[in-house]
2 protein chains.
Amino acid sequence: MDDTERSPGDQEGLQSQREDAAPTTTIHDVAARAGVSIATVSRVLNDSRPVRPEHRMRVLAAADELGYSANLLGRALRQGRSHSIGLVVPDLENPFFATLAQDVSRAFASSQIDVYVYSADNDLETERRAIASFLGRRVDGLVLIPCDEVRSAPSVRLASRAVVTIQLDRLAPSVRTHFIGCDNRYGMAQIASHVRAVVEVDPRPIVFIGAHPTSSSAHERLDTFAKAFPAARLVLGSFDFSFGRDAMSQLIDEGLKAAVVVTDADVIALGVIAAVHAHGRAIPRDYRVTGFDGVGVTFLAQPPLTTVRQPVGQMTAAIVDIVRGAFDGGGTRDYVVRRFRPSLIVRESSPA
Amino acid sequence: MDDTERSPGDQEGLQSQREDAAPTTTIHDVAARAGVSIATVSRVLNDSRPVRPEHRMRVLAAADELGYSANLLGRALRQGRSHSIGLVVPDLENPFFATLAQDVSRAFASSQIDVYVYSADNDLETERRAIASFLGRRVDGLVLIPCDEVRSAPSVRLASRAVVTIQLDRLAPSVRTHFIGCDNRYGMAQIASHVRAVVEVDPRPIVFIGAHPTSSSAHERLDTFAKAFPAARLVLGSFDFSFGRDAMSQLIDEGLKAAVVVTDADVIALGVIAAVHAHGRAIPRDYRVTGFDGVGVTFLAQPPLTTVRQPVGQMTAAIVDIVRGAFDGGGTRDYVVRRFRPSLIVRESSPA
DNA sequence: CTGAAAGCGCTAACAA
DNA sequence: TTGTTAGCGCTTTCAG
């Protein structure tokens with residue numbers, strides 16, 4: 001265990017006894033108390049059918065007095081739907097996914113649909129389990145950010161056969177589902193032309209620090225970059241801060257004095273920036289740095305990060321539309337595939 | 001809608017038709033195919049009782065061929081437990097909560113318990129809904145980070161009466177539940193002595209930029225600070241980056257030339273740092289800055305942030321223990337209340 | 001407008 | 001070791 005996390009002096013204590021668990025009240029209790037049948041109670045509570053006003057009052061009163069709240073398992077089992085959707089993210093520590101999760105949640109807040117978030121912890125088996133558990137609980141829809149372009153496919157396919165499934169941000173292309181994401185090639189092309197313009201007047205080596213192309217987004221971004229700059233050095237790792245820091249640190253140690261450092265995620269860029277500062281070098285004087293995503297943490301960078309921003313608001317709105325459509329329209333429909341164009345934001349980490 | 005988010009050129013398209021939804025297979029289908037009763041199928045799948053090996057094989061084969069997976073709603077309804085817990089966080093964009101969510105998820109990954117995360121979006125009504133929906137779905141436990149020290153109490157109480165409930169990080173003190181958090185007073189006292197030592201040799205005004213004391217953590221931190229420095233200026237807002245930036249920006253505009261800026265969260269400190277840089281001033285030369293939490297984003301700060309680190313690993317382990325204990329021990333037990341001591345980490349944003 | 005009753009899918013008691 | 005059956009809590013026909 002990490003030594004810095006030890007805290008021998010933590011206060012510890014036990015408080016009073018647990019109150020006895022309240023017996024769960026069911027629709028039968030309410031019915032009995034109101035002097036009506038359980039059917040009437042159900043009708044009042046869902047107002048699914050007209051009920052004599054007097055009965056309605058009595059039911060409402062009884063439910064209130066007993067502190068009744070419906071068992072959603074019973075309801076879901078009967079109805080075959082759960083009024084909920086599942087969102088499986090690779091990782092909640094990545095602020096881009098955290099923001100996506102927050103925004104998806106918020107987008108559904110006004111509807112009757114609960115959004116549950118499950119972190120796959122960047123692990124295929126955990127991802128499989130997350131999807132299976134959501135399906136087993138009969139969610140009405142699934143929004144997935146697949147960990148791996150290829151190896152997540154079986155789980156995604158399983159989902160797609162059972163329920164409205166939307167792949168978000170990342171795509172396992174072998175499975176037909178809805179897809180909402182960003183036009184990564186366009187975004188990286190924007191970065192590339194920025195870089196090209198920049199080295200024109202101020203020549204320096206170009207390096208790419210990004211994630212291994214095992215997710216579709218990393219794949220597309222890397223691909224576009226490599227086509228634009230075939231001679232550039234590529235350093236590949238994972239979508240997190242410490243990879244960016246370590247990779248950049250090593251490049252500097254190896255003697256890289258100046259460069260344009262292109263990354264494929266803001267978190268990586270933030271790591272790069274930290275490494276540059278740790279080595280006492282300056283941005284953009286010695287190293288120019290660009291990010292990708294433009295969400296949340298971008299604002300934290302010092303200096304402010306040149307990046308490409310994904311229109312998250314539009315993306316989540318599109319998701320709501322699809323889910324709504326699946327509920328209303330219901331039947332056989334076409335798959336929605338939308339790639340929103342991100343927009344280049346030039347800031348001080350790599351000025352024009 | 002934010003103009004920067006428009007992307008008129010986004011690609012849009014519809015793909016092939018949805019494959020017909022596979023009919024959900026039940027335990028009956030498996031039983032029929034294997035030529036046994038549904039009870040035997042259940043017993044094999046849960047191995048809850050010995051089953052003749054030959055039958056076991058046939059059941060497994062049938063389940064596999066049919067792609068059967070159990071309906072967890074039926075199981076949960078029958079068993080009265082769902083093998084899941086709910087985690088309600090105020091906000092997923094706050095990296096501290098996101099990290100907490102990630103760590104809690106990871107801590108339960110090795111158990112049979114699924115962790116579902118619900119964002120309350122810093123809204124009391126959404127928080128109430130999150131708790132009610134988890135209870136309605138009969139989660140076996142609830143981990144809550146209450147939005148508000150006082151106004152979250154009714155929802156927390158509701159939870160505590162139905163299910164093992166653990167308040168995490170923030171406490172609604174009027175409700176008796178388990179509590180896992182950090183010793184905020186101790187942590188802020190650490191900061192205070194650091195600040196005191198610092199101004200001794202290098203006198204400058206002390207200001208506090210932190211959240212309104214509506215959550216217990218903000219309350220305790222502010223309280224401790226205010227007792228230590230009764231004359232210090234207090235600027236109060238919310239636990240987010242933009243509040244920190246705006247507050248600091250205004251202080252600088254008002255003419256604050258130098259200061260020790262104490263915050264009660266790293267996210268706020270990051271905002272403060274951004275504002276300082278935006279005004280062309282330097283840290284720690286002009287302004288010293290301290291944070292609180294020491295999780296995730298701390299590393300992003302430039303210069304590295306002096307802060308107080310919460311032992312998140314220990315905290316999540318304690319949560320697992322409580323939940324496990326509640327399942328095994330079951331009956332009436334005392335409440336666990338633990339406040340882990342955070343540890344001061346002195347870095348360049350306010351060196352010793 | 002209302003109640004009786006069926007049944008969603010599952011597990012567990014009970015009987016064989 | 002196995003099958004039959006009751007029933008978890010709910011909604012929704014179907015009769016009245």
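Protein chains get the first letters and strands the later ones, always in sequence-line order, with residue 1 at the start of each.
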Residue S42(B), side-chain heavy atoms: nucleotide from dT2(D), dT11(C), dC8(C) that is nearest
dT11(C)

So, under a plain 3.5 Å distance rule, would you say the side chain of R138(B) forms a donor-acceptor pair with the base of dG9(D)?
no

Figure out the CG/P separation between N46(B) and dT2(D), and round it to whole Å.
15 Å

Looking at dC10(D), dT11(C), dT1(D), which one has an atom nearest to any side-chain atom of P50(B)?
dT1(D)

Please determine whether a side-chain nitrogen or oxygen atom of R75(B) lies at a distance below 4.0 Å from atom OP1 or OP2 of dT11(C).
yes

At 4.0 Å (heavy atoms only), tell me whether I38(A) reaches a base, stays on the sugar-phosphate, or touches nothing.
base

Could you check whether R324(A) pairs with D321(A) (Lys NZ or Arg NE/NH1/NH2 to Asp/Glu carboxylate O, under 4.0 Å)?
no

Nucleotide nearest R78(B) (side chain, heavy atoms from C-beta), chosen from dA6(D), dT2(C), dC10(D):
dA6(D)

Can you see if the side chain of H55(B) gets near the phosphate of dT1(D) - specifically, an N or O under 4.0 Å from OP1 or OP2?
no

Which whole-number value in Å describes the distance from L77(B) CG to dA12(C) P?
13 Å

Distance-only donor-acceptor check, side chains R75(B) and N46(B), under 3.5 Å:
yes

L73(A) has an atom CG; how far is it from atom C1' of dG9(C), in whole Å?
12 Å

Are Q79(B) and dA12(C) close enough that a side-chain N or O sits under 4.0 Å from OP1 or OP2?
yes

State which of dT11(D), dT2(C), dA12(C) makes the closest approach to the side chain of I27(A).
dT11(D)

Taking atom types as modelled, find out whether T177(A) and Q167(A) have a side-chain donor-acceptor pair closer than 3.5 angstrom.
yes

What is the distance from CZ of R137(B) to P of dC10(D), rounded to the nearest Å?
13 Å

Pairwise distance CZ(R170(A)) to OG(S216(A)) - rounded to 0.5 angstrom:
7.5 Å

When the nearest nucleotide of DNA chain C is assigned to N71(B) and to R49(B) on a heavy-atom basis, which residue is associated with the more 5' position?
N71(B)

From CG of L45(A) over to P of dC10(D), roughly how many Å is that when rounded to an integer?
9 Å

Hey, which sits more toward the 5' end of DNA chain C by its nearest nucleotide, G74(B) or T40(A)?
T40(A)

Contact class for T26(A) vs. all strands (heavy atom < 4.0 Å): base, sugar-phosphate, or nothing?
sugar-phosphate

Rounded to whole angstrom units, what separation is found between the CG atom of L72(B) and the P atom of dC8(D)?
20 Å

Mind checking if A76(B) touches a base, just sugar-phosphate, or nothing, with heavy atoms under 4.0 Å?
nothing

Can you check salt bridge (charged side-chain N to carboxylate O under 4.0 Å, His left out) on E54(A) and R58(A), steps first, answer last?
CA-CA 6 Å; E54(A) 186 202 333; R58(A) 291 227 303 275; 2.8 Å; yes

For the pair R106(A) and E93(B), find out whether any cationic side-chain nitrogen is under 4.0 Å from an anionic carboxylate oxygen.
yes

Spacing of R81(A) atom CZ relative to dC8(C) atom C1', expressed in whole Å:
15 Å

Any N/O donor-acceptor pair, R43(B) side-chain to dG3(D) base, under 3.5 Å
yes

